[in-house]
Amino acid sequence: MKKLINAADSVVEDALAGLAAAHPALRVRNRVVHRADAPRPGKVALVSGGGSGHEPLHAGFVGHGMLDAACPGEIFTSPVPDQIIDATQAVDGGAGVLHIVKNYTGDVLNFEMAAELVEDVEVASVLVDDDVAVQDSLYTAGRRGTGATLFVEKIAGALAEEGAPLAEVARVAREVNERSRSFGIALTSCTTPAAGRPTFDLPPGEVELGIGIHGEPGRTRVPLAPARELVAVAMAAIHGDLPLRDDLLVLVNGMGATPLIELYVVFAEVEAIVRGKGARVARSLVGNYVTSLDMQGFSVTVCRLDATLTRLWDAPVETPALRWGR
Amino acid sequence: MKKLINAADSVVEDALAGLAAAHPALRVRNRVVHRADAPRPGKVALVSGGGSGHEPLHAGFVGHGMLDAACPGEIFTSPVPDQIIDATQAVDGGAGVLHIVKNYTGDVLNFEMAAELVEDVEVASVLVDDDVAVQDSLYTAGRRGTGATLFVEKIAGALAEEGAPLAEVARVAREVNERSRSFGIALTSCTTPAAGRPTFDLPPGEVELGIGIHGEPGRTRVPLAPARELVAVAMAAIHGDLPLRDDLLVLVNGMGATPLIELYVVFAEVEAIVRGKGARVARSLVGNYVTSLDMQGFSVTVCRLDATLTRLWDAPVETPALRWGR
Amino acid sequence: MDTDFFLAWFAGMAELIRLRRDHLTELDAAIGDADHGTNLDRGFAEVRQALAEWPPTSPEQVLLSASNTLIRRVGGASGPLYGTAFRQMGKALDAPVTPAGFAAAFEAGVRAVARLGKAAPGDKTMLDALAPASRALTQAVQEGVEVREAFERAARAAEEGALATIPLLARKGRASYLGERSIGHEDPGAASSALIMAALASVES
Amino acid sequence: MDTDFFLAWFAGMAELIRLRRDHLTELDAAIGDADHGTNLDRGFAEVRQALAEWPPTSPEQVLLSASNTLIRRVGGASGPLYGTAFRQMGKALDAPVTPAGFAAAFEAGVRAVARLGKAAPGDKTMLDALAPASRALTQAVQEGVEVREAFERAARAAEEGALATIPLLARKGRASYLGERSIGHEDPGAASSALIMAALASVES
Ligand SMILES: Nc1ncnc2c1ncn2[C@@H]1O[C@H](COP(=O)(O)OP(=O)(O)O)[C@@H](O)[C@H]1O
Ligand SMILES: Nc1ncnc2c1ncn2[C@@H]1O[C@H](COP(=O)(O)OP(=O)(O)O)[C@@H](O)[C@H]1O
Ligand SMILES: [Mg+2]
Ligand SMILES: [Mg+2]
Ligand SMILES: [Mg+2]
Ligand SMILES: [Mg+2]
């Protein structure tokens, strides 16, 4: 394993120091990253968080028009309730706080505990579970939250910035999740700093289908194929669950170590399939946004837009990783 | 080699199709990427280009406030004169065209040939050569152009957008280059699609110092060390050539497959060294911007700012890879 | 069983988990996200430290302190789950602690895990070690065997339960994302639960 | 030497370069950017195609057509350099082509490379194969040996010149970035120049 780190157990701390130094509009303390201008009186605040190793998610999405605070846990380990409580109290402007939680047992439990313990703040919660690679069932942990998290954070963040009340922000956040689906494919595993070697072995010539964002293996392993075929697999899985129709917001996401040139090759195939179904890529994003350390591979996330969601997606945002309109 | 591609010889074509599909404000034809709103009458136009494999450089920097056109060559191969001539003629708005050329023999020769052959367009040219890992000498090919290309394109682009004449845009572009220095370190080699295996072998536990952006080996190979020590090497090389003073613009750049969390670890060390020298990181950028396919590693680029350059850096930009202020 | 007994139990857990940290992480790498050993090692080391800094004066205090540390410092799934287990066990404990009281409190802790995790035995989680351990303990106490022997039976049941997760298809936790591919691997949480019970059986009394 | 001779020369180059493409790319991987074989193979294949599509009617036209294709389709350093070499050679060629005329025109092409690349023999570039080849050719022609024998001497000189780049420290092109580490590797452009001369020596006449 070769990594640009000082020590395996200081990675999160060191990276947060870098984040703070690079972005004067953010404040970082006690493992909470929040907007320097928080709390904003009267505005619903958005708090998210999860394990580290998914950068720029979540801390890179803190800023105007998106999150008010993020709680980074250890690598691939959800944050602890104290962080979430701190963040919630730090950014509450009196209008309540929305917790955006990816559907993993650890994230769910820690956010639930925090929500129970936090005092004098109205808290609502939205669970993101967009990954169609995982079967949805009452008897399992359910689907994982992956790329749609970015959509939920951006769109709910824009609505909160407009002054909408907590219930409305939460409703739209849930709607975005319900309208979104993802599927991911890995060319390589990732290596956590603590483990020091790849989480799983993936021989040359094989890829993992249906991976998540924690280096966990996928549902099946198949031979490496041209991008066109891999994209077809991902899009079929998505389309089978949520038919591709009308205007779509599409994220072609790298897993952390995927060169941009390859993501554009993937995007061309995604767009062709969308067009082939008579639908339209109305908005898109291509890049490494919801990552799994140094994993190579991609995921596609699709959200069915309507006029309101499109307007909110287009609204100004100013964060380290997403910025437009100001 | 595992890559998200359809075929080794269609990578550039396929990625350009994706770029065109993802960015309606761009036009892509005959290996030229240009602003859809070009030519802009009366505005000096900026044209750059170089081998592909460095994404988002250059095509990802085409748009308002930066480049008017980019000419992507084959992987790591400079564009041919025809492309450059096409681009130059397509975007000239009557105020002349600035060619921004990274200092590589191939790029220099092809841009020179194009400049000679282009008709009825006033062309000026700026050479970017910021890499202090290479000794500068009259008897060699001189220094390579790396990270400073982004600074030159952004700052000269902003000046052109303000309506400055060609000579002035060229002068400031050269000034940015003169005020900028870079140094890069690789943890792994990269693999070109055509070669299909790593350009050089780098054993576990070793890194290459003083690498460029074409997968070429560096000046020396040393044992892997903590980020703090690697950054110290890079910063000493830069400081030895251009003392770190006053306000700096700093790019901590990933080589294409470097996870963002590691780049923030690196940035924290860079900022500490800058502060230790009594200088200040006034503006910064952290991410994979001037890349070498799937190489892991980083480079640091530093530019000594003044009030004008700072204003131009802050000016609005709207491109696929850099966007703020609109 | 006095305060020292409980302190010794947690010291034993911390030691065993440190020893088996990489193994737990490897189990988690196969069907999870390769952090279970690191998470628990960090957490139990802090449990020990907190117990040393603010010495508790009752078994209940030991359990509540450990619970607090685990919930506040571990994160992930296992932090809240183990934290909740020890919290509910602590609350259910009557002084002085008898073998029957211990077994009943332990059972309360295990139930709390099932409730919080919405899991049942057979889902391929820590419950597959904890539930049989609890059953074995309760039964041994009812049979009136020596407490040492009762703990050993519980540890054996936990160990067997952990190994019995190998052929199971995971329905909870990260391993559930793998579907059929979760079969053939021991659940890391069940493995760490077996260590917790092994530590119980090794407390010098 | 008529038009067919020159066509056969370019056909031979294209074949040899295709055969040695991966080798040239490997040489470039060691001290450059691993694209020399791919670049030239793409370029010379297109040279052949263009020559077939618009059949030239004189040696000069063959050279100018090849030059055009190389400059317009190859990119990198070698495209303009080889393109310029053939262009200047073509321009310097008088009809009918005599051995002495060929040698003089070839020399003009080599000089053009040196001028464009601001390079001299010893810099570890294609010039280290081209310059000795040109010298050998001129001398052989002056000695009045058979043209076939003259081309063979030129090819041998190019091959030797290419191998002689191995111990050199590069001062031009990408290999110069490596400093001392460029020593010990054959220059890919010198190697491809040797192939160009080998193709010349193999033309059936
Ligand atoms: N819903 C659940 N109920 C009970 N135990 C669970 C549940 N989900 C996960 N676990 C246990 O937690 C273990 C994983 O812990 P850990 O790796 O520390 O957390 P994470 O899965 O968040 O990375 C699993 O092996 C399993 O035994
Ligand atoms: N300035 C120069 N003068 C002469 N030949 C040069 C010069 N620079 C590079 N070359 C030749 O070009 C070869 C590299 O060609 P190629 O790999 O196709 O281009 P690039 O270096 O742009 O990738 C070198 O091996 C060298 O022989
Ligand atoms: Mg985890
Ligand atoms: Mg090249
Ligand atoms: Mg885990
Ligand atoms: Mg080359």
Side-chain angles (χ1 to χ4, degrees), chain A residues 1-7 11-12 14-22 52-53 55-56 60 187-188 204-205 207 224 226-228 230 252 256-272 281 284-288 291 293-294 296-298 318 320-321 323-326, chain B residues 1-7 11-12 14-22 52-53 55-56 60 187-188 204-205 207 224 226-228 230 252 256-272 281 284-288 291 293-294 296-298 318 320-321 323-326:
Chain A
M1 175 200 55
K2 287 195 257 186
K3 288 189 183 295
L4 293 168
I5 60 175
N6 289 316
V11 180
V12 174
D14 293 348
L16 287 176
L19 187 83
S52 292
E55 291 65 28
L187 303 193
T188 67
V207 302
L224 177 64
R228 185 163 301 137
L230 297 178
V252 166
T258 315
L260 196 51
I261 191 170
E262 297 182 24
L263 294 179
Y264 275 113
V265 170
V266 167
F267 184 81
E269 302 303 333
V270 169
E271 200 271 338
V281 176
S284 66
L285 207 56
V286 180
N288 287 276
T291 64
L293 291 169
D294 56 352
Q296 293 206 337
F298 74 100
E318 186 172 350
R323 189 165 170 189
W324 58 73
R326 50 185 267 158
Chain B
M1 173 199 58
K2 286 193 257 186
K3 288 190 184 295
L4 292 168
I5 61 176
N6 289 316
V11 181
V12 174
D14 292 349
L16 287 176
L19 187 83
S52 292
E55 292 68 26
L187 303 193
T188 66
V207 302
L224 177 65
R228 185 164 299 137
L230 296 179
V252 166
T258 315
L260 196 52
I261 190 170
E262 298 181 25
L263 293 179
Y264 275 113
V265 170
V266 167
F267 184 82
E269 302 302 334
V270 169
E271 199 273 337
V281 177
S284 66
L285 207 55
V286 180
N288 287 275
T291 63
L293 290 172
D294 56 351
Q296 293 205 338
F298 74 101
E318 185 173 349
R323 190 168 170 187
W324 57 74
R326 48 184 268 159

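Chain letters run A, B, ... following the sequence lines, proteins first and then strands; every chain starts at 1.
- Heavy-atom pairs under 4.5 Å with chain B peak, among A:Ala15, A:Pro259, A:Ala272, at A:Ala15.
- Between chain B and the residues A:Ile5, A:Val252, A:Val270, A:Leu285, the largest count of heavy-atom pairs under 4.5 Å involves A:Ile5.
- At least one side-chain heavy atom of A:Val265 sits under 4.5 Å from a side-chain heavy atom of B:Asn6.
- Of the listed residues (B:Ala227, B:Gly256, B:Pro226), the one with the most heavy-atom contacts under 4.5 Å to chain A is B:Ala227.
- In this structure the side chain of A:Asn288 never reaches within 4.5 angstrom of the side chain of B:Asn288, judged on heavy atoms.
- Side-chain N or O atoms of A:Glu271 include none that pairs as donor or acceptor with a backbone N or O of A:Glu269 at under 3.5 Å.
- For chain A, the nearby parts of B:Leu187 are the backbone and the side chain; heavy atoms of each come within less than 4.5 Å.
- Heavy atoms closer than 4.5 Å to chain B are found in the side chain of A:Ser284, but not in its backbone.
- Contact tally against chain B (heavy-atom pairs below 4.5 Å) for A:Ile261, A:Leu293, A:Val266, A:Val12: the top residue is A:Ile261.
- Checked by atom type and distance alone, the side chain of A:Thr188 pairs as donor or acceptor with a backbone atom of A:Gln296 at under 3.5 Å.
- Contact check for A:Leu260 versus B:Thr291: no side-chain heavy atoms found under the 4.5 Å cut-off.
- For the set A:Met1, A:Arg228, A:Lys2, A:Glu55, the entry with the most heavy-atom pairs within less than 4.5 Å of chain B is A:Lys2.
- Neither the backbone nor the side chain of B:Glu318 comes within contact range of chain A, judged by heavy atoms closer than 4.5 Å.
- When heavy atoms are compared at a cutoff of 4.5 Å, B:Leu224 approaches chain A solely by way of its side chain, counted from C-beta outward.
- Top candidate by heavy-atom pairs under 4.5 Å with chain A, chosen from B:Gly297, B:Gly60, B:Ala257, B:Ala268, is B:Ala257.
- Contact of the B:Tyr264 side chain with the A:Pro320 side chain is registered, since non-hydrogen atoms from C-beta on lie closer than 4.5 Å.
- Among A:Val286, A:Asp14, A:Leu19, A:Leu263, the residue with the largest count of heavy-atom pairs under 4.5 Å with chain B is A:Leu19.
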*Applying side chain to side chain contact (heavy atoms under 4.5 Å, CB included), run through B:Leu4 and A:Thr258 and close with a yes or a no.*
CA-CA 9 Å; B:Leu4 292 168; A:Thr258 315; 3.8 Å; yes
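- Only the backbone of B:Arg326 comes within less than 4.5 Å of a heavy atom in chain A; its side chain stays farther off.
- Both the backbone and the side chain of B:Val11 come within contact range of chain A, each with at least one heavy atom under 4.5 Å from a heavy atom of that chain.
- In this structure, chain A has heavy atoms under 4.5 Å from both the backbone and the side chain of B:Pro56.
- B:Val281 does not touch chain A: none of its heavy atoms, backbone or side chain, sits under 4.5 Å away.
- Interatomic distance, CG of A:Leu230 versus CZ of A:Phe298, reported as 5.5 Å (0.5 Å rounding).
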